[in-house]
*Asks:* 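Structure incoming, see below.
None of the values given here were measured: they were computed from a predicted structure. Within every chain, numbering begins at 1; the chains are lettered A, B, ... in the order of the sequence lines, protein sequences first and strands thereafter. When reading the values below, keep in mind they use all heavy atoms of this one structure, side chains included, and skip hydrogens, waters and symmetry mates.
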Amino acid sequence: MPSHANRSSSVAGRISLCAMLAVVSLLFSYVEVILPFQSPVPGIKLGLANLVVLIALFRLDEKEAFVISLLRVLLAGILLAGAYSMLYSLAGSVLSFAGMLLLKKTGRFSIIGVSMAGGVLHNLGQILVAAVMISGTAIFYYLPVLTLSGMTCGIIVGIGAHILIRRIPEKLFPVS
Amino acid sequence: MNNSSIFRSIKKADLLLAAALLLLSFSGFVFLRPAASSDCVVVIRISGRIIAEYPLDADLTVRIPDDETGAGTAESGTAAADMPFNEIEILGREVCMRDANCSNRLCILQGKISRPGQSIICLPHRLTVEIRAEGTGKEVPDAVTR
């Protein structure tokens, strides 16, 4: 029977870990949906699901983090929101992940900064898709508001990730 | 929970990025708004009836001789100098009342308007000049389903 230290580094172990994290991320999305929150502007979210992706990005392989993000978008699209929402969410998530990965690789940003950028890019990705769908420049009026809210929520989520990431037992994540 | 560890882990690059993003978003407030005027229409009404419409992009001056009928036709027997008129100028995506011979000339004092929803009103002549945004039907969703 494999010991604790080896369990996560086997392929099956990693697959299980990613699947588990994807579901946790999905649950965070669900929590967001049921939180009572009246937003004047469509598209303002806390982005709690990104907390899991962040931790995965900093503690796991980046490919695994991406897969977790994709899975979350897919599952949340099927279970929680509609097909159109999933499109927006996908665009936002991909752009956000690309940016977060880039920033993380420079090594000059803390997890909070990375999360802040991720939040902004997520909103930006959604606006871009909206601009294509609605084919009008008026949608860009939302840009300042969504940038600010993306930053704020990103910072909040980033602080949460910062606090959590040290408290997760080492043996849960493979040595990276 | 150690609060200082949060502040200690914030790096210079984070703050620079935050500042840059803040700057970008605030400059967005400044630059994006005027862009709407490319689709706008200047609507001139007398007693509520639309008598003329011009694109906000146009550069022109309109002289509206207005009487009660609102058709702008001169009545015979009335000297041209006595005809009530308003001169509306559209220039550089701004609209203002250049001249008018109404009793209080308040319309001229109302200054320039440039954005949809704004208006200049000449009460004695029952004339209004307003900017209406075109294509509002497809701009922004009124509601979004979750």
Side-chain angles (χ1 to χ4, degrees), chain A residues 29 32-34 39 41-45 76 80-82 84-85 88 99 103 106-117 119-121 123-124 126 130-131 133-152 154-155 158-163 165-167, chain B residues 1-43 55-57 93 113-118 130-146:
Chain A
S29 281
E32 265 188 17
V33 169
I34 60 180
S39 155
V41 176
I44 292 194
K45 294 169 36 177
L80 302 175
Y84 272 119
S85 274
Y88 288 98
L103 289 188
T106 69
R108 303 236 208 111
F109 293 88
S110 70
I111 196 172
I112 299 175
V114 171
S115 178
M116 172 180 75
V120 174
L121 287 173
N123 284 345
L124 180 63
Q126 292 185 309
M133 294 262 141
I134 302 183
S135 66
T137 51
I139 195 74
F140 286 103
Y141 288 156
Y142 282 150
L143 201 61
V145 176
L146 287 187
T147 307
L148 285 172
S149 78
M151 277 176 68
T152 314
I155 291 175
I159 293 177
H162 172 85
I163 295 173
I165 206 168
R166 298 105 165 278
R167 289 164 193 252
Chain B
M1 188 152 57
N2 189 357
N3 283 330
S4 65
S5 81
I6 296 175
F7 288 115
R8 263 189 279 124
S9 64
I10 295 179
K11 302 186 183 175
K12 184 161 84 162
D14 296 329
L15 295 173
L16 283 176
L17 180 63
L21 287 174
L22 279 174
L23 210 62
L24 254 162
S25 66
F26 282 124
S27 68
F29 275 122
V30 169
F31 286 123
L32 285 181
R33 288 304 175 111
S37 57
S38 59
D39 290 334
C40 293
V41 172
V42 180
V43 181
L56 187 58
D57 277 346
R93 292 196 186 156
I113 61 173
S114 54
R115 303 224 241 105
Q118 291 181 307
E130 61 174 349
I131 298 179
R132 185 185 72 210
E134 284 302 288
T136 27
K138 56 182 171 87
E139 271 173 8
V140 172
D142 295 310
V144 177
T145 62
R146 290 272 208 139

*Asks:* Please classify the contact between B/L15 and chain A as side chain, backbone, both or neither, with a heavy-atom cut-off of under 4.5 Å.
*Replies:* neither

*Asks:* Return the set of residues passing side chain to side chain contact (heavy atoms under 4.5 Å, CB included) with A/I112 (not counting sequence neighbours), or none when no residue passes.
*Replies:*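 With neighbours one apart ignored, the set is A/S110, A/I155, A/I159, A/H162, B/I6, B/S9, B/I10.
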
*Asks:* With a 4.5 angstrom heavy-atom cut-off, could you sort out which part of A/L103 is near chain B: side chain, backbone, both or neither?
*Replies:* side chain

*Asks:* Tell me the closest heavy-atom pair linking A/G113 and B/L17, and the distance in Å.
*Replies:*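 In terms of heavy atoms, the two residues are closest at O-CD2, 4.2 Å.
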
*Asks:* Indicate the atoms forming the closest heavy-atom contact of A/R108 with B/K11, along with that distance.
*Replies:*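 Here A/R108 and B/K11 meet closest at O-CD, 3.3 Å.
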
*Asks:* Specify which of B/L16, B/L21, B/D14 makes the most heavy-atom pairs with chain A at under 4.5 Å.
*Replies:*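 Of B/L16, B/L21, B/D14, B/D14 has the most heavy-atom pairs under 4.5 Å with chain A.
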
*Asks:* Out of curiosity, B/L22 CG to A/M151 CE, how far, rounded to the nearest 0.5 Å?
*Replies:*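 If we round to the nearest 0.5 Å, B/L22:CG and A/M151:CE are 4.0 Å apart.
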
